[in-house]
Trainee: 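Structure below; questions to follow.
Predicted, not measured: the structure shown is a model, and the values here were computed from it.
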Amino acid sequence: MRVLIVGSGGREHALAWKLRQSPLVSEVLCAPGNGGTAAEGRNVPLKDADIPGLLRFIREESIDFVVPGPEAPLVAGLVDACRDAGIPAFGPTAYAARLEGSKSFAKEIMREAGVPTADFQVFEDAEAARAYVRAHGAPVVIKADGLAAGKGVVVAKTVDEALEAVTEMLERKSFGAAGEKVVIEDALVGEEVSFLCLCDGENVLPLPSAQDHKAVFDGDKGPNTGGMGAYSPAPILPEERYEAMADLAVRPVLRVLRERGHPFVGILYAGFMMTAAGPMVLEYNTRFGDPECQPLLMRLRSDLMECMQAAIRGELKGRKLEFTPKSALCVVMAAEGYPGAYPKGLALSGLEEAEAIAPGEIKVFQAGTRSENGRLVSSGGRVLGVTALGENLEQSRHLAYQAVRAIHMEKSFYRSDIGAKALKKGGPA
Ligand code: AMP
Ligand code: GLY
């Protein structure tokens with residue numbers, strides 16, 4: 001099979017790397033891809049949400065299977081377009097992807113499905129929203145309804161901050177159409193954990209738990225990023241709880257979508273806050289997380305292509321996903337300045353040396369990279385996702401940082417405390 005992966009991040013490199021290992025896959029193509037996906041197959045210069053362009057290419061090149069990585073092509077209807085053209089694509093339709101594409105839609109579905117989540121109200125009118133904020137008090141959370149590249153959430157500590165966020169989104173329209181509606185919800189306190197499930201519309205197979213590190217600096221300081229590192233499993237959500245978590249937050253959502261005539265196929269990612277009152281859903285993503293995908297796929301033993309095909313065919317019942325019991329940990333190396341403005345074209349070296357430290361146990365996934373005259377240089381904010389397997393979290397962490405130190409990248413930085421929170425607790429890693 002010739003497989004087209006859509007996207008250009010570390011997640012897409014991990015998908016390309018894993019899918020290429022399947023005996024069912026003859027070639028992996030990636031649109032637009034990066035330096036890492038180019039090494040796994042072939043890059044195609046098409047934007048990830050250019051649905052007509054992608055569809056033309058899929059037809060012309062007789063692509064057999066499509067795997068959208070990020071949310072944009074899902075929300076823009078790539079899976080629907082492929083389905084209409086008779087080409088299997090792994091992921092939700094545009095309707096089901098609204099679970100990620102519209103926060104008010106997600107909250108409405110959660111309410112209907114009885115999923116525990118923060119109390120909320122939806123506003124389009126700035127004056128009404130401000131009145132609600134004043135009556136509610138702080139802390140309170142303001143969320144732009146649509147996709148805002150991870151920047152549309154303000155956890156306001158004061159009423160003034162919350163009022164400012166409302167005005168920014170609903171009046172100054174700083175998020176454009178994505179901020180024409182806002183969700184205002186109660187602030188929750190606790191530790192966050194990522195819980196991803198493979199879904200075929202009806203059946204659900206949980207993947208192991210993972211934890212992301214969203215803040216840019218050590219100690220969870222500084223602005224939020226796309227994710228500075230991740231590890232799996234996360235001791236805060238141990239394996240014996242996976243089925244109960246799927247019953248709480250994934251199966252009920254699948255039921256509601258099925259009843260609406262829009263079954264959810266693909267990866268449903270529940271972002272949980274583990275509060276004192278129990279787990280509550282902060283958000284859904286309708287795809288693999290980036291960087292959670294990197295440690296998760298390092299641990300996956302099953303054939304990913306076969307799993308994706310079974311999901312599309314509605315044949316997950318009775319299947320099992322096999323994962324190594326080892327821990328996997330990913331450290332993101334980023335360009336100085338990220339998530340703000342950062343330089344591009346930074347030289348990179350030492351990737352092979354890093355992987356050679358422990359062959360088969362270390363993989364340097366590339367995100368913002370490209371090849372320039374045969375030389376690898378940076379082209380994005382998050383540049384590499386250095387991922388290692390170990391017998392436990394302490395070992396995967398040790399090995400990942402050893403690999404990071406073998407890599408040279410000018411003007412780069414990384415968090416030095418990925419996984420530290422879990423180790424301090426001394427939980428079973
Ligand atoms: P979301 O895109 O909804 O996951 O929000 C992004 C981040 O904002 C989350 O990962 C949390 O760190 C934070 N956040 C979102 N909703 C809440 C909430 N209700 N209470 C506290 N923090 C939140
Ligand atoms: N790592 C969080 C996300 O992919 O949305």
Side-chain angles (χ1 to χ4, degrees), residues 8-18 20-21 28 30 32-41 43 213 216-218 225-232 290-299 326-339 342-391 393-420:
S8 62
R11 165 184 49 214
E12 285 72 31
H13 185 195
L15 287 167
W17 168 80
K18 184 69 190 171
R20 202 172 74 128
Q21 294 170 30
V28 170
C30 198
N34 57 36
T37 60
E40 307 289 346
N43 283 351
H213 295 63
V216 68
F217 299 128
D218 282 8
T225 67
M228 292 299 292
Y231 61 92
S232 169
D290 187 345
E292 292 96 323
C293 183
Q294 290 84 314
L296 285 172
L297 293 191
M298 275 293 270
R299 295 187 59 204
K326 288 181 182 180
S327 161
L329 184 136
C330 168
V331 179
V332 170
M333 296 180 76
E336 265 175 24
Y338 174 78
Y342 53 81
K344 291 184 184 173
L346 306 170
L348 294 166
S349 60
L351 279 66
E352 281 168 23
E353 289 81 350
E355 288 181 354
I357 292 171
E361 304 288 288
I362 297 177
K363 179 70 192 170
V364 181
F365 292 114
Q366 300 181 32
T369 67
R370 67 187 160 83
S371 166
E372 196 179 76
N373 309 320
R375 222 169 50 109
L376 193 66
V377 298
S378 76
S379 60
R382 291 192 292 175
V383 181
L384 300 174
V386 184
T387 310
L389 285 171
E391 292 307 319
L393 178 57
E394 205 164 1
Q395 283 187 22
S396 61
R397 181 164 190 257
H398 179 76
L399 202 52
Y401 278 106
Q402 217 183 327
V404 164
R405 286 190 294 271
I407 293 172
H408 185 74
M409 176 182 149
E410 44 173 340
K411 298 204 175 107
S412 68
F413 75 99
Y414 54 87
R415 270 182 72 158
S416 67
D417 65 346
I418 305 301

Trainee: What closest approach, in Å, do K411 and P343 show between heavy atoms, and which atom pair accounts for it?
Mentor: CD-CG, 4.2 Å
Trainee: Kindly indicate whether the side chain of V383, heavy atoms from C-beta on, has any atom under 4.5 Å from the side chain of Y338.
Mentor: no
Trainee: If I take atom CZ from residue R370 and atom OG from residue S378, how far apart are they, to the nearest 0.5 angstrom?
Mentor: 8.0 Å
Trainee: Taking it one step at a time, do L15 and L297 satisfy side-chain contact (heavy atoms from CB on, under 4.5 Å)?
Mentor: CA-CA 8 Å; L15 287 167; L297 293 191; 3.9 Å; yes
Trainee: NE2 of H398 to CG of L329: how many Å apart, nearest 0.5 Å?
Mentor: 12.5 Å
Trainee: Short question: side chain of E410, backbone of L346 - any donor-acceptor pair under 3.5 Å?
Mentor: no
Trainee: Show the nearest heavy-atom pair for residues E12 and C30, with the distance to one decimal.
Mentor: CB-SG, 4.3 Å
Trainee: Between the main-chain N or O of T369 and the side-chain N or O of S379, is there a donor-acceptor pair closer than 3.5 Å?
Mentor: yes
Trainee: Taking S412 for its side chain and M333 for its backbone only, find out whether a donor-acceptor pair lies under 3.5 Å.
Mentor: no
Trainee: Can you tell me if D290 uses its side chain to pair, donor with acceptor, with the backbone of R11 under 3.5 Å?
Mentor: yes
Trainee: Between atom NE2 of H213 and atom CZ of R415, what is the distance when rounded to the nearest 0.5 Å?
Mentor: 5.5 Å
Trainee: Once you measure the plane-to-plane angle for F365 and H13, does it fall in the parallel (<30°), tilted (30-60°) or perpendicular (>60°) bin?
Mentor: perpendicular
Trainee: What is the distance from atom NZ of K363 to atom NZ of K18, rounded to the nearest 0.5 Å?
Mentor: 12.5 Å
Trainee: State, to 0.1 Å, how close Q294 and C330 come at their nearest heavy-atom pair, and which atoms those are.
Mentor: CB-SG, 4.2 Å
Trainee: Could you tell me which non-hydrogen atom of P339 sits nearest to which non-hydrogen atom of V216, and how far apart they are?
Mentor: CD-CG2, 3.8 Å
Trainee: List the atom of A230, the atom of P295, and the distance in Å for their closest heavy-atom pair.
Mentor: O-CG, 3.8 Å
Trainee: To the nearest 0.5 Å, what is the distance between CD on Q395 and CD on E361?
Mentor: 9.5 Å
Trainee: Please lay out, stage by stage, how Y414 and L384 fare under the test side-chain contact (heavy atoms from CB on, under 4.5 Å).
Mentor: CA-CA 10 Å; Y414 54 87; L384 300 174; over 6 Å; no
Trainee: Quick check for you: to the nearest 0.5 Å, what is the distance between H408 atom NE2 and L348 atom CG?
Mentor: 9.0 Å
Trainee: Any donor and acceptor pair, going by atom type alone, linking the side chain of N34 with main-chain N or O of G368 inside 3.5 Å?
Mentor: no
Trainee: Kindly give the heavy-atom pair with the smallest separation between A400 and V386, and that separation in Å.
Mentor: O-CG1, 3.8 Å
Trainee: Return yes if a side-chain donor-acceptor contact under 3.5 Å exists between S232 and R299, otherwise no.
Mentor: yes
Trainee: Parallel, tilted or perpendicular: which fits the ring planes of F217 and F413, with parallel below 30° and perpendicular above 60°?
Mentor: tilted
Trainee: Strictly distance-based, threshold 3.5 Å: is any side-chain N or O of E355 a donor or acceptor partner for the main-chain N or O of E352?
Mentor: no
Trainee: Are the side chains of W17 and Q366 in touch, meaning some heavy atoms are under 4.5 Å apart?
Mentor: no
Trainee: With a 4.5 Å cut-off on side-chain heavy atoms, are T225 and V332 touching?
Mentor: no
Trainee: Using atom types as modelled and distance alone, determine if a side-chain donor or acceptor of R382 lies under 3.5 Å from a backbone N or O of G227.
Mentor: yes
